[in-house]
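Residue numbers start from 1 in every chain, and the chains themselves are labelled A, B, ... in the order their sequence lines are given, proteins ahead of strands.
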Amino acid sequence: MKIISRINLIGCAVAIGFLVLAFGLFQVQVVKGLYFRRMSENNRIRLIQLEAERGNVVDRNGELLASSRRTYNVFAIPEDFDPQDLSILSKLLNLDEKEIRKRMSEHRSASFTPVLLKEDVIKEEAIKLEEQKPRLSGVFIQEQSIRSYPNGTLGAHAIGYIGKISREEYEHRDKSLYHYNSWIGRAGIERIYDAQLRGEDGGRQLEVNARGVPIRLLTEREAVRGKDIQLTIDVKLESRLQNLLGEREGAIMILDLHSGELLALMSQPGFNPNIFVMPSKSQERLDVISSRKRPLLDRGLQGLYPPGSIFKLVTAMAALDSNLITPNTKLKCPGYFQLNEKSRMFKCWFHEGHGEIDLYTALERSCNVYFYQVGRLVGVKRLAEYARRLGFGSRVSMELPTAEGLVPDEVWKKNAHHEDWFAGDTISFAIGQSYLLTTPIQILRLVSAIATDGRVTEPRIVRAVGNLAGTNEFAGKTGKQSDKKVQLDSGDDRDSEKSATEKGIRRETFKAIRQGMLQAVASDKGTAQLARVKFGKLAAKTGTAQAPPGNPHAWFAGFYPFDQPEIAVVVFIERGKSGGLTAAKIAKQVVSEWKDIYVPAAV
Amino acid sequence: MFQRLFKGMHWPIIVSACLLAVFGLIAIYSASFRMNGDYAAKQGMWFVVSIVLFFVTVSIGYRPFLNVSLLFYTVTLGFLVWVLLFSETQFGANRWINIGRFAIQPSEFAKLATLLTLAQYLSGQLTFAKQTKSVLIALGLIVLPFLLILKQPDLGSALVFIPIFVSIIFLWGLRKRYFLGMLGAGLCSLPVLWNFLKPYQQRRLLVFLDPAHDPIGASYTAIQSKIAVGSGFLWGKGWLAGTQTQLDFVPEHHTDFIFSVIGEEMGFVGTMSLIALFGILIWYMFDILNHTTELRARLLSVGIVSMFFFQVFVNIGMTIGLAPITGITLPFVSYGGSSLAMGFMCLGLLVSIYKERSIF
């Protein structure tokens, strides 16, 4: 019968299966049994992990920002080590016997895996050790790489740094990518792009004899070098900017409006990332981490500050775009403002008063009273709405983490302070005070939107990711990358309806704001006049943001040149006292330095 | 009552299965006596529960099980969805439902439920009419639990569904060209399934093909387990004296790698005895299969046989490098209450088929 023959067929398959098993066991246990017995005594398999070389980080010109230096590290497999050799080893390594013992008993992922005895030994030491190796069982030298940041503090916030993986982190990660001794990106690009930079570790399975001496390579997998990353920043430019900032705390940013690439992203005080990878620098590490100046904070991306008068740009845009005022609307500034006759006096910074002025002049001279009145017209709801539309209160979508900031409104105040929103709150909101908090990069996004009718808004800092040994090869790649970004060019391009309404704001609005910003620099009464450059027209707005206790913060936000903007610039000086004095002066030099490098001198 | 229960009882099957379980208890004790958790005692208790379940199953008989199979199937599918959605992740997977101090592994019962449902469904379909439709429905019945278990992730338990399905549908009377077509379709769907796997599972499979793929990870486990089994040589190193397994070179040595403990401590003699016991068990299973004439009993028993055989082959095979490491338990021997209980329930079904065979 058919069904019986099918049963027999299955039975045959099963019988063959059992025979295969029995034969396999005979092979493993009887034929090779003694071999495996030997292998099991004192476990004859050693695992050597081959660490992949981490990819480099370079700047837009191919200058090395982070690279790897080859080092010699001494390892030992404690189970193979003869304690009698301790004194010889201690002399060779110049390491305390106690220290060696301590390292030998460190926690490991499994028995018979190596522990690190000494890192970064000099070549002579390594050679001496290699000569002695036949006598020192279980000790071996491995070439590994150590991270170095040749430019020190320059660009440190963007690059970040790496650190040894902690036990807890190790437990929670894919164990095939991260090992017990792995380095892991801790901040900046090193952290965000860790997966690409780290490459793939390899490994070696060795068979050793009873004394722990390798006799055969069982399997091996080569390590795969990590990918290189090219950033958009220009270290040469940044080093000049660092001189301008000097000891001041703050941030400077330059955005290329054509490509959306950040040419400079500086934050002071900085730190030297090398201290995080050099074992001997633990004191410096501690100092940096615990410093009250918070050098690890990237002020440009994560620092939260009131924007002060810079925010008048937003107030003006909200009013213009809602048809509440025209650029020619004249309002009177007697030097102070009152909500009603009994209310307190909100003063203008210019106590004598600006008189009857229009919007251009109000922006030019940064008149508080003008914007108090505009703010009242606009109201908190619409003000908050426009602020959000222009990117405040939300993270800037770029490769590095940025802070969210805070745009207050009635609902927020009710929840956070259990208080009603008062008319006075709107007044100070309109000039960028009260609860509003922004990051310098949000301000940069604002001015770049103004400069480009709302087009280039999302800055980026990574130009290319790839395995490119020669830095020149990057140049070829970048063209393709930047093509993706909206190109800003002369007149014809500006017509595209879609991009102009990207933020839902009319083009005339942007135009009027730009005019006001131009006057702020060009006019002899303008608050940003100290930033004026001889070689072209700069447009900007300054801000002096009250943040008691202590001096106010100084802001400068502008774009250059006025007619066909190429860059947007933000200068922020923490406790810099005055935007018009401190920040504008630095901004002038910033623009000059940029021109010096990027605009070919007229022949 | 007991007289009726024991009348026509198939003693060789019971004895060999119990011997296997005892083998397991001894090995589990050796594998885990240095760990906390009283694994051997817990397993002993499960053994008792399993024996009771066995006799309960025998006295109920296999027909009621088949009749309520669809309900059983639906409930276990519900549990599988439940573990995916709600259970806490333990050891990187969502496999268990905790009931008091015990953890139930629904995938074990899903095997049995699917087996029963398949046998019940296919035995009601004619082989010579509308075969495509019947096969597709059967395929659907198997694919649902397969994917849910694969998602846990539990590659080993999921794979067991394949031999169950293939053997049942083959015995049912699948046309040869369909069979070949299905084989081809199965091969073609491999790349899709591959993407379903977690990176560590992919690595284990790759290591089986190429040991150099992950020398200090999965391939290390494979070679250490082989060393453990091989180092047992003829007579083994003696109970509690296996160094490979005691020193943790082989992971999961009380569950998936229990065979490496047996191989190392009891040697070739031990492993051959174990193989012989499995051989006897499966021999008698075929005997029962050959002596029943009812189609659904046949389908059920062939499913059970192939499930046990597949698990034995892959589990022992992976410890000596004949199969990739997939996390399959050794029936009756590995630690795990759900697996043991399910094993004895399957035996109960077979014995009841044996008792109710038509005697001509």
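Only the side chain of B:Phe286 comes within contact range of chain A, with at least one heavy atom under 4.5 Å from a heavy atom of that chain. Contact annotation for B:Phe308: neither backbone nor side-chain heavy atoms come within less than 4.5 Å of a heavy atom of chain A. For B:Ile282, the part sitting under 4.5 Å from any heavy atom of chain A is the side chain, from C-beta outward, and nothing else. Using a 4.5 Å cut-off between heavy atoms, B:Val229 touches chain A through backbone and side chain atoms alike. Only the side chain of B:Phe309 comes within less than 4.5 Å of a heavy atom of chain A; its backbone N, CA, C and O stay farther away. Contacts of B:Phe310 with chain A are absent, with no heavy-atom separation under 4.5 Å from either backbone or side chain. In this structure, no portion of A:Val31 lies under 4.5 Å from any heavy atom of chain B.
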When the side chains of residues 216-224 of chain A are checked against the rest of the protein, which donor-acceptor pairs come out under 3.5 Å, sequence neighbours left out?
unit_1, atom_1, unit_2, atom_2, d
A:Arg216, NE, A:Glu207, OE1, 3.2
A:Arg216, NH2, A:Tyr35, OH, 2.8
A:Arg216, NH2, A:Glu207, OE1, 3.0
A:Glu220, OE2, A:Arg204, NE, 2.9
A:Glu220, OE2, A:Arg204, NH2, 3.2
A:Arg221, NH1, B:His213, O, 2.5
A:Arg221, NH2, A:Glu200, OE1, 2.8

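Around NZ of A:Lys164, the count of heavy atoms belonging to other residues, nucleotides or ligands within 6.0 Å exceeds 12.
Contact count against chain A (heavy-atom pairs under 4.5 Å) is highest for B:Phe268 among B:Phe268, B:Phe278, B:Phe313. Ranked by heavy-atom pairs shorter than 4.5 Å toward chain B, the options A:Val14, A:Val30, A:Asn8 are led by A:Val14. Per-residue counts of heavy-atom pairs under 4.5 Å with chain B were compared for A:Ala22, A:Ala13, A:Gly202; the largest is that of A:Ala22. Counting heavy-atom pairs under 4.5 Å between each of B:Ile316, B:Leu171, B:Ile275 and chain A puts B:Leu171 at the top.
With ring centers used as reference points, A:Phe36 lies 6.0 Å or more from B:Phe233.
Among residues 318-332 of chain B, the residues having any heavy atom closer than 4.5 Å to a heavy atom of chain A are, in sequence order, B:Ile320, B:Leu322.
Side-chain contact of B:Ser219 with A:Gln205: a donor-acceptor pair under 3.5 Å is present, judged by distance alone.
Between A:Glu99 and A:Arg103 there is a salt bridge, since a side-chain N of the basic residue sits under 4.0 Å from a carboxylate O of the acidic one.
A:Arg6 places a side-chain N or O within donor-acceptor distance of the main-chain N or O of B:Phe170, the cut-off being under 3.5 Å.
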